[in-house]
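Below: the structure, in structure tokens.
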Amino acid sequence: MHFRFNEEQLELGRAARRFLEVESTTDKLRAAFGSDELYDAELYRRIAEELGWLALLIPEEYDGLGLTAVDLMPILEEMGRSLYRGPFFSTVCLGVNALLLGGSAAQKEEILPLVAAGEETLTLAYSEPHGRHEIDAIETHFEERGDEFVLHGVKRYVLDGVSADRVIVAARSKGSVGEEGIRLFVVPGDAEGLTRKRLPTLDISRNEAELIFEGVRVGRDAVVGADLDGAALLESILDRARAALAVEQVGGAERCLDMAVAYSLERKQFGRPIGSFQAIKHKAADMLWKVESARSIAYAANVAAASDDGLLLRELASSAKAYASDAYFFCASENIQIHGGVGFTWEYDPHFYFKRAKASEELLGHADFHRERVARAMGL
Amino acid sequence: MHFRFNEEQLELGRAARRFLEVESTTDKLRAAFGSDELYDAELYRRIAEELGWLALLIPEEYDGLGLTAVDLMPILEEMGRSLYRGPFFSTVCLGVNALLLGGSAAQKEEILPLVAAGEETLTLAYSEPHGRHEIDAIETHFEERGDEFVLHGVKRYVLDGVSADRVIVAARSKGSVGEEGIRLFVVPGDAEGLTRKRLPTLDISRNEAELIFEGVRVGRDAVVGADLDGAALLESILDRARAALAVEQVGGAERCLDMAVAYSLERKQFGRPIGSFQAIKHKAADMLWKVESARSIAYAANVAAASDDGLLLRELASSAKAYASDAYFFCASENIQIHGGVGFTWEYDPHFYFKRAKASEELLGHADFHRERVARAMGL
Amino acid sequence: MDLSFSKEEEAFRREVRAFLEDNLKGDFEKLKGRGGPGDEHSFVEERIEWGKVMGRAGWNCIGWPKEHGGRGVSLNEEVIFNEEYVRAGGPGRIGHIGETLLGPTLIHFGTEEQKKRFLPPIVSGEELWCQGYSEPNAGSDLANIQTKARLVGDEWVIEGQKIWTSLAHWSDWCFVLCRTDPDSERHRGISYLLVPMDQPGIEIVPIEQMTGDSEFAEVFFDGAKTHKDNVVGGVNEGWKVAMGTLAFERGASTLGQQAQFERELNLVISAAKENGRARDPQIRQRLADAYIGLRILRYNALRILSVQEGADLGREGSISKLAWSNWHRDFGKLAMDVLGLEANIAEGAPYELNLLQKAYLFSRSDTIYAGTNEIQRNIIAERALGMPKV
Amino acid sequence: MDLSFSKEEEAFRREVRAFLEDNLKGDFEKLKGRGGPGDEHSFVEERIEWGKVMGRAGWNCIGWPKEHGGRGVSLNEEVIFNEEYVRAGGPGRIGHIGETLLGPTLIHFGTEEQKKRFLPPIVSGEELWCQGYSEPNAGSDLANIQTKARLVGDEWVIEGQKIWTSLAHWSDWCFVLCRTDPDSERHRGISYLLVPMDQPGIEIVPIEQMTGDSEFAEVFFDGAKTHKDNVVGGVNEGWKVAMGTLAFERGASTLGQQAQFERELNLVISAAKENGRARDPQIRQRLADAYIGLRILRYNALRILSVQEGADLGREGSISKLAWSNWHRDFGKLAMDVLGLEANIAEGAPYELNLLQKAYLFSRSDTIYAGTNEIQRNIIAERALGMPKV
């Protein structure tokens, strides 16, 4: 039992912070706002080529580093801290995880090296306009026609859905209900019959899209996890992503705490730093309590992911996502309150975190959804 | 529109406080603890005879004062403040309200003058061992045999159930389900076939009992509200009692606030009164916020009760009971915390309020139950 | 206790209703439900016109004494007016700063000349006012204001900066707290000056909020001038006047704000019914809680309004700001939780938000402006509960 | 990162398990799940016996260095020991104050003679210790202690009063913070004295808690004596020693406490299943939340335990008390809400409470003793976050 980062992981985190503090700033976010550019492609290329982060989860045989969800955590935390906007989470935590868990040898061979090199990005399209997170709510369907599958339906809230080179889409066999008949397909972003629309978001640090599938045709080789239970496969992918997102949320929450403390030391009212007032100190203390608690459960969830303990992962991923969502929202809120008047201006940073916290809270399932899932895991 | 007490009501409140501050003290509560005496009968007699509070809701034709739920509020608030332990709430807010809403002329003529004079006490027995507050959960049943009704079943958590001279019991016609077949009967406390057992309670400021009905026979003249829908009648009685209980809770909550503030001014740590620390001040401010908010909604509910606006009362009674329950619990909790070490001793008073707050929270329905009821009233 | 209104009051209600039915239509139709905190910058020109229509019919400043152009109506009638105004969808009152803050201040502290000069155009809706209190280093600590005014001949010359001024762009006048005794500290040596906004010495810079809107502004005074008589309550006596201004607010106008909240809550209830979350037990609890909370805000206000004129507002008066700002903040979160994933999607690019999204974001300023929650709690503890300052 | 244990560690686990299976039975059967905070006064004599059985088999103080009678086990092994102890239903450790507070303090600050005299009977379970820190006017403000000791010949003579001392009746010794410099103030001039409890100058008065139980006591020193050598860390240097004592607690023993929480949570889950509230969506959410919270306490502890010996415990170390006391407090409320109306009914007259009712009431002291939540938050803000004292 050893529940700390090792020296390599710590150094990875330090390096990520040094890099992202310079390259993924809120000034850049503000500057990019309103432009058509979805993300900084040059920065993404450097992340892939110079830093190799895209290769991290990918096995060595596919040009990757063969590391685990635990090794990914330092990077995710820093991306959460710096509100990194590129398609890293969608590509790695959704796309790569999907292929690792369900991809055929051919798919992995074809796609993973491209991903590792930063030449292709991925995403997973599972949520739909109704916004429900239960697998059985999927309405997008496919029909089997000879050696082809034809996809119909609307996916919404798809992370980086417009820019992704390949979209892994969850659909159900036409006429099926519940968790039966669910299948995943990997579809080229420019497939015929697929319309992709960028959605304007409150949280401008992450891209969302609507994807309309109108008779998109894919071959049998597009099926991800042909031999697996589609619903279970999708849940496994989502659970890994949830565990990863929780870590990102921890990074964001901690940044809110650090920002609030720094501001409270600098801002003076009544002749003293506001950070010397008990009301502010106690808020900060509660923030730390929640940040560290979120960190503990988020790390544990990723240890479970790294050790392929599916049952434990399911419970811990939901626990981590529920707790980290609440903790991040709490910290982002208190950060605004501690900043006072400037806290709700566009010019200062707190609002970006406040919005990302809310968006992340809904992403991959709200805390209520996950607590109910934990209740079931508890046998209730 | 005038939403304040008038001078008579204010004076009633002041008189009640003067009286109860002397007569209903925590020292007496401590002293009585462990004895067989259920309440101070002599004090109850004085409340009836000297103060006339038992007569307050009772129409003048039955030797009462013919006043309203609003006029009762100052007394209930003070009883909440002083943790009054006698069977006033059960007699007036449950019993008298039941007879006023559903009693036959003969019942009122027989019973109300005795109640007004303090010669008889009443209670309502509706809850059962399962502890559910929905009317349709009533399992106690009656069979009609000629001109008699025979009652079977177990009532639990009955306020002052052992001492009450008459018990108004809610039962259902044997074989009926849901809200159909509910009837109320007024049963003498010493009826044959009725076994009454005192329940030892955490909150020692209020008596609860279990009442076992094993073939208790009553005549047709025992039916309360013969021409009325029994379920609706019961809900109306309960709603009035809920509105009344909310006012009592406000009194208790405010006492917790006052106690906490007083202690915070007297207790010194770090060379200054702890009431000068922002953490304590902010707690106290939150307590006041909740106390005054609870008061507003509780008063409004009783205005609705006094004006016989059943639909509004239903919504407001649930609103008031839900909010006041949470507010009282909050204040009772913070009062302990502000008292620090002495706050959890038997010797100091905060624990009595903490226990009464919790017991009152469950009495006549938990806040969750009432919020769901409000949701329905909202058309959700 | 009585929560109903008398026959005379109901007749007044009909009068208000008739005026609104007859006038809040046509060009003004689009103003319904707009304006107010978080939307204060919307349809400003049209709302100014609407304010003049109100003024011509005698519906501005109805609570003011008749001698000052009001109707001298009772608090109950003010309540009724607000209820009807809101029921009709009346837009956020563009003149509310003049009507509820500056006007009562002048009536209490102003000279006859000041009353004669400034009150009529408030009543008629011809002149708008804004408030110059906060500064970058005088927020919670208002007594720390640094904006200075010195008398040069017949004029006050003002140097400094105010912040969080709403409607600054459209206002004709601003009441400005200035340090007029250069050697003074804290709340001594401050004067309450009335300053015309349309002059070269004033620069207005909008503050972009997290909504992308600019409801507030910074106001820079660089040699701005006002006549020496435009000081209220005496030179160096401004702190007393400013504190008085705050005390005039009895809360009838908070009923209007509650109506905005009610509109927002109704939007959320509709959304919940539509997207099915009205069946989610957690959401039901929270919607009921919000509904109860809104009821409480109303009954709190009615209790305060029932206090005899001139009497202490009591403990209940002290919690008003804390109560409504917390309600709105929690409501904003609930609204987004009801919308679910859709909460993050704007109506249009780049940042066109719907009313609930705006309420969600703007409500975060509710717990900050006009006394942060922390300051409010200090005030409650110290003034209402008698707890020691240190 | 690795949350599993090595083969050697698993072998150690089997050893612990075997000892407990072989010994925690018969007369000791009834101790299972008893003792611990809130129940500390239960089965004390039997638990003392049990402590001696543990001691004879070498299972007390296993984390102490071998030279002092411990086993010098690793933190992982301590974790395993605690897991197994709890799994077996091991009762609250009666000697925990000696083992976790006094012992490590002596090992660090004590003289050779003190170690030789006092450590062995702790290891063997023969001598029990209690703590004499708090006083009626020195609670949150511990540095305000007024209990005085003066040297008379070869003995310290002690006058004063301590409060919130648990197990005082059964303890053989008490470590007492006394002011030994009569002219000193605050944390200067305080000494850390070891005082025998069985002497005429000491009177112990139980404090009745709101549970009706008396787990804590007041200890009155009226000319109580101890030998002049029984001062730890030097005369007037006691504050440093007392603060050191607090720092020795790494949290392996908190795993035992969590196990008690887990037992309580399981009781509530069973109750909810039985009375049907497990189907109530609100209760389900809160049960899940409690479950998640308990997991978090565990992983928090494991993170702290994974810190290298001697290294700073980091930010996560500072939140431990706040986290578990809040968890338990909220849990207590949840437990009662699950029980519903039945929560108010005692097991028997006059005041025989079930374990959940006790937990509910006792958890209210969790946020108060050993540093109130307010003090904890101050400490977190000042020490972990570097925020200024004033």
Side-chain angles (χ1 to χ4, degrees), chain A residues 1-6 9 68 70-71 73 254 257-258 261 264-265 272-273 275-278 280-300 302-304 306-307 315-316 318-320 322-323 326 367-368 370-380, chain D residues 1-6 9 74-76 79-80 265 269 272-273 278-279 281 283-289 291-293 295-308 314-320 322-323 326-327 373-374 376-382 384-390:
Chain A
M1 195 287 295
H2 183 75
F3 197 29
R4 317 278 309 174
F5 283 132
N6 61 31
Q9 291 158 342
T68 72
V70 169
D71 302 292
M73 293 201 294
E254 188 168 59
L257 167 59
D258 292 348
V261 169
S264 82
L265 299 183
R272 47 195 265 208
S276 69
F277 287 99
Q278 214 177 18
I280 305 294
K281 283 154 102 161
H282 286 199
K283 275 185 204 298
D286 282 343
M287 288 162 86
L288 181 63
W289 160 32
K290 282 158 200 264
V291 165
E292 290 300 336
S293 297
R295 173 170 280 135
S296 291
I297 193 82
Y299 284 8
N302 284 283
V303 171
S307 61
E315 181 190 309
L316 288 179
S318 274
S319 298
Y323 193 92
D326 289 348
D368 286 353
H370 285 295
R371 276 187 291 262
E372 176 58 32
R373 215 161 163 253
V374 170
R376 277 165 211 219
M378 288 163 70
L380 288 175
Chain D
M1 277 188 200
D2 189 359
L3 291 169
S4 60
F5 294 96
S6 70
E9 288 164 343
S74 68
L75 275 168
N76 273 6
V79 170
I80 289 170
L265 178 57
I269 291 171
K273 285 180 175 170
R279 289 189 303 273
I283 294 294
R284 292 172 70 80
Q285 287 280 318
R286 291 170 63 196
L287 285 171
D289 195 48
Y291 183 85
I292 293 168
R295 285 269 188 190
I296 286 174
L297 293 183
R298 178 175 166 77
Y299 292 121
N300 275 345
L302 295 183
R303 279 174 65 214
I304 296 168
L305 288 165
S306 298
V307 175
Q308 294 275 305
R315 289 172 155 196
E316 61 270 35
S318 70
I319 62 156
S320 177
L322 185 66
N326 280 343
W327 183 89
N373 271 8
E374 290 71 37
Q376 292 296 337
R377 288 190 170 95
N378 285 351
I379 292 173
I380 294 168
E382 290 161 15
L385 297 173
M387 296 171 84
K389 273 215 147 183
V390 173

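Below, each value reflects all heavy atoms present in this structure, side chains not excepted, and no hydrogens, waters or symmetry copies.
When atom types are taken as modelled, the side chain of D:Gln285 and the backbone of A:Arg371 share no donor-acceptor pair closer than 3.5 angstrom. The backbone N or O of A:Phe3 lies less than 3.5 Å from a partner atom in the side chain of D:Ser306, making a donor-acceptor pair. The closest donor-acceptor contact from the side chain of D:Asp2 to the backbone of A:Met1 lies at 3.5 Å or more, if one exists at all.
Between chain A and the residues D:Arg295, D:Arg286, D:Gln376, D:Lys389, the largest count of heavy-atom pairs under 4.5 Å involves D:Arg295. Of the residues considered (D:Arg377, D:Arg279, D:Glu382), D:Arg377 shows the highest number of contacts with chain A, using heavy-atom pairs under 4.5 Å. When each of A:Ser276, A:Ala306, A:Gly275, A:Pro273 is checked for heavy-atom pairs under 4.5 Å with chain D, A:Ser276 comes out on top.
The contact between A:Met73 and chain D is made entirely by side chain atoms (from C-beta outward), counting heavy-atom distances below 4.5 Å. Proximity to chain D involves both the backbone and the side chain of A:Leu288, based on heavy atoms less than 4.5 angstrom apart. In this structure, chain D has heavy atoms under 4.5 Å from both the backbone and the side chain of A:Phe5. Interface residue A:Ser264: only side-chain heavy atoms are found under 4.5 Å from chain D. If you measure heavy-atom distances from A:Arg272 to chain D, the contacts under 4.5 Å come from the side chain alone. Neither the backbone nor the side chain of A:Asp326 comes within contact range of chain D, judged by heavy atoms closer than 4.5 Å. For a residue to count as touching a neighbouring chain, one of its non-hydrogen atoms must lie under 4.5 Å from one of that chain's; by this rule A:Asn6 does not touch chain D. Only the side chain of D:Glu9 comes within contact range of chain A, with heavy atoms under 4.5 Å apart. With a 4.5 Å cut-off on non-hydrogen atoms, D:Ser320 does not touch chain A at all. Within the 4.5 angstrom heavy-atom criterion, only side-chain atoms of A:Leu316, from C-beta onward, approach chain D. With a 4.5 Å cut-off on non-hydrogen atoms, D:Asn373 does not touch chain A at all. Heavy atoms closer than 4.5 Å to chain D are found in both the backbone and the side chain of A:Glu372. Of the atoms belonging to A:Arg376, heavy atoms from both backbone and side chain fall under 4.5 Å from chain D.
D:Tyr299 has its ring centre no less than 6.0 Å from the ring centre of A:Tyr299.
In this structure D:Ala278 satisfies the side-chain contact (heavy atoms from CB on, under 4.5 Å) test together with A:Leu380, D:Ala272, D:Lys273, sequence neighbours excluded. For A:Ala284, the side-chain contact (heavy atoms from CB on, under 4.5 Å) partners are A:Leu257, A:Val261, D:Leu385, D:Met387, not counting sequence neighbours.
Ion pairing between A:Asp258 and D:Arg315 holds under the 4.0 Å rule for side-chain N and carboxylate O. Using a cut-off of 4.0 Å between Lys/Arg side-chain N and Asp/Glu carboxylate O, D:Glu374 and A:Lys281 are scored as not salt-bridged.
To the nearest 0.5 angstrom, A:Thr68 atom OG1 is 9.5 Å from D:Met1 atom CE. The structure places CD1 of D:Ile296 at 10.0 Å from CH2 of A:Trp289, a figure rounded to the nearest 0.5 Å. Distance check: A:His2 NE2 to D:Leu75 CG gives 11.5 Å after rounding to the nearest 0.5 Å.
The side-chain heavy atoms of A:Glu315 and D:Tyr291, taken from C-beta on, include a pair separated by under 4.5 Å. Here the side chains of A:Asp286 and D:Leu322 are in contact, with some heavy-atom distance below 4.5 Å.
Across all their heavy atoms, A:Ala322 and D:Ile292 have their closest contact at CB-CD1, 4.3 Å. Between D:Pro388 and A:Leu265, the shortest heavy-atom contact is CD-CD2, 3.3 Å. Between D:Ile319 and A:Ser293, the closest heavy-atom pair is CD1-OG, 4.0 Å.
One side chain, A:Ser296 or D:Arg303, offers a donor N or O that lies under 3.5 Å from an acceptor on the other. Remark: the D:Asn378 side chain and the A:His282 side chain contain an N/O donor-acceptor pair separated by less than 3.5 Å.
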